[in-house]
Amino acid sequence: MSKINWTGRAVLVAGIVSMGSAFGQVNNRKDTEFDNNKGIAYTRHNLTQRAPADATKTPNGSLMDAFRNNYGQICVYCHTPHGASAAVGAPLWNRTRKSHTFQTYAELGTVTLTQAISQPGANSLTCLSCHDGTTAVDSIINMPGSGNYDPAQATRDDDTAINAFLGTWVPGQGDTFQHMKLDADTSNPDSCLSCHSPDGIVAAQSFSTFAIGTDLRNDHPVGIVFPTANPDFNTTTGTTARGDVYFDLDGDSRMDKGEVRLYNTGDGPEVECGSCHDPHGVESAGPGSQFNATFLRVSNNGSGLCMTCHVK
Ligand code: HEC
Ligand code: HEC
Ligand code: HEC
Ligand code: HEC
Ligand code: HEC
């Protein structure tokens with residue numbers, strides 16, 4: 001059963017357009033209204049989309065309540081303390097994993113590539129469970145405090161079944177009509193980009209570059225083995241018990257969030273999305289400071305991130 005209510009959506013869109021102009025929004029501006037410091041709550045990965053303790057800030061998350069379930073908790077869009085997914089080897093993972101195959105960077109066939117590339121590893125699959133645009137951003141297994149739990153949701157492929165379960169959430173803030181995705185196809189009425197793109201039907205910040213898709217040929221390779229004893233690459237200085245390796249900047253023998261890491265996926269240490277990004281945000285200069293842009297573990301000012309691995 002579809003929960004799409006087109007009449008309702010038209011009314012909402014009209015309301016949003018007028019609110020957008022009341023806030024003096026600039027069309028397709030990329031900078032976020034979130035402060036990007038103090039914690040994940042102040043970043044775009046707060047999918048309740050309410051910047052805490054600052055009611056004057058847009059977004060007023062209720063604007064988005066028609067397009068994804070507002071679970072009222074930040075972590076639950078990705079993690080659950082109980083009833084987590086065993087389909088992805090990621091910490092207490094609460095999200096649906098669809099079963100499609102990705103087009104990898106290897107298929108581009110560049111002359112320079114030397115290392116083996118496999119399908120994205122578990123860490124990359126966590127990001128791609130939203131950023132490949134095939135799964136609704138609110139598609140979780142265990143909804144908070146509601147008793148609404150469906151383990152089958154962990155590996156569901158069928159949107160009708162997924163949305164039927166997501167429709168069991170009874171939000172406090174008003175009805176949710178749709179469970180939207182980061183789909184680059186802006187004509188898909190189920191895509192956040194139907195508004196959040198230059199082609200969007202209202203003036204909203206563009207998320208076009210966030211819609212990575214299932215074709216990874218135009219993205220820095222992931223699922224790729226990190227070379228050792230190769231003069232074109234720096235040598236990692238830390239190893240975990242699991243066999244992940246990292247650049248131990250502070251020499252404390254711990255894989256800290258501000259340190260670039262390679263995940264041991266069974267094929268040896270590999271670059272994954274989390275090699276470069278921490279989805280919770282990383283301070284640029286100690287506690288309380290502004291996060292590195294775009295969730296990067298290391299600032300890329302002067303290409304510092306790239307040159308952590310590459311000798312160039
Ligand atoms: C947008 C998705 C997302 C959200 C929201 C999120 N996390 Fe995570 N979290 C991840 C991913 C992905 C990993 C795995 C990182 C890795 O494999 O390196 C992770 C790992 C962790 C870990 C273990 C590794 C570490 O970084 O310490 C903890 C603890 C954690 N998250 C806590 C939280 C808490 C608490 C919240 C809410 C305040 C939260 N996370 C919100 C995606 C998320
Ligand atoms: C629960 C869904 C979800 C997961 C899982 C997720 N993201 Fe996101 N991410 C989003 C959405 C949605 C946006 C767009 C902004 C928004 O709606 O708040 C976004 C935005 C971003 C941005 C842009 C931030 C900015 O301020 O410009 C980056 C970078 C990013 N995500 C990287 C990642 C990486 C890397 C991972 C995995 C470690 C990840 N995301 C996992 C949903 C997710
Ligand atoms: C009907 C149009 C529409 C749809 C669909 C829509 N949004 Fe929005 N969104 C807006 C408008 C308008 C704003 C306020 C203007 C702005 O901040 O860009 C906004 C603001 C936001 C912001 C604040 C921007 C920032 O970074 O400060 C986030 C985050 C956001 N929306 C996420 C989402 C997500 C995630 C989805 C899909 C689940 C979604 N929106 C679907 C219209 C829409
Ligand atoms: C080798 C390092 C590296 C890897 C691996 C990597 N990223 Fe990024 N990513 C970056 C950098 C650097 C930026 C900032 C680009 C910019 O400022 O334009 C970025 C930006 C982004 C953005 C914001 C959009 C943009 O273009 O600015 C998203 C979303 C994102 N990455 C998601 C992912 C996902 C999902 C993966 C895994 C499939 C991934 N990244 C793997 C380095 C990486
Ligand atoms: C976590 C380590 C790491 C980081 C950080 C990193 N790379 Fe890479 N990069 C690799 C690996 C491993 C390869 C594969 C090398 C090979 O096949 O010989 C690679 C390959 C490449 C290639 C060659 C692709 C080809 O077709 O031959 C380019 C170009 C590149 N990276 C650019 C960048 C840029 C730009 C950045 C910063 C935004 C960056 N890398 C950050 C590990 C990294």
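Heads up: numbering here begins at 1 and tracks the sequence. Whatever order the structure lists them in is the order used to number ligands and atoms, beginning at 1.
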From I141 CD1 over to S85 OG, what is the distance, rounded to the nearest 0.5 angstrom?
4.5 Å
Answer with yes or no whether L305 contacts ligand 5, where contact means a heavy atom under 4.0 Å from a ligand atom.
yes
Any protein heavy atom < 4.0 Å from atom 34 (C) of ligand 5
yes
Atom 8 (Fe) of ligand 3 to M64: any N/O/S contact under 2.8 Å?
yes
Does any N or O of ligand 3 fall below 3.5 Å from an N or O anywhere on Q49, backbone included?
no
Can you figure out which of F233, Y105, F226 has its heavy atom closest to atom 13 (C) of ligand 5?
F233
For ligand 4, indicate whether the residue T209 contacts it via side chain, backbone, both or neither (heavy-atom separation under 4.0 Å).
both
If you compare A66, C192, A204, S194 by their heavy atoms, the one closest to atom 36 (C) of ligand 3 turns out to be C192
Protein residue, atom and distance nearest to atom 38 (C) of ligand 5, heavy-atom basis:
C306 SG, 2.7 Å
Taking 2.8 Å as the cut-off, does H277 contribute an N, O or S atom near atom 8 (Fe) of ligand 4, distance below it?
yes
Should V271 and V298 be counted in the same cluster of Ile, Leu, Val, Met, Phe, Trp and Tyr side chains packed under 4.5 Å apart?
yes
Looking only at heavy atoms of V298, does any of them come nearer than 4.0 Å to an atom of ligand 5?
no
Among the N/O/S atoms of H196, select the one at the shortest distance from atom 8 (Fe) of ligand 3 and name it.
NE2
Do any of the N, O or S atoms of C309 sit under 2.8 Å from atom 8 (Fe) of ligand 5?
no
What residue and heavy atom of the protein are closest to atom 14 (C) of ligand 5, and at what distance?
I224 CD1, 3.4 Å
Ligand 4 versus L216: contacting region, heavy-atom distance under 4.0 Å:
neither
Proximal candidate to atom 2 (C) of ligand 3 [heavy atom criterion; set C195, A136, S191, S206]:
C195
Ion pair check, R156 and D158, cut-off under 4.0 Å
no
Should the heavy atoms of other residues, nucleotides or ligands under 6.0 Å from NE2 of H82 be counted, would the total exceed 12?
no
Per-residue contact class, T308 against ligand 5 - non-hydrogen pairs under 4.0 Å
neither
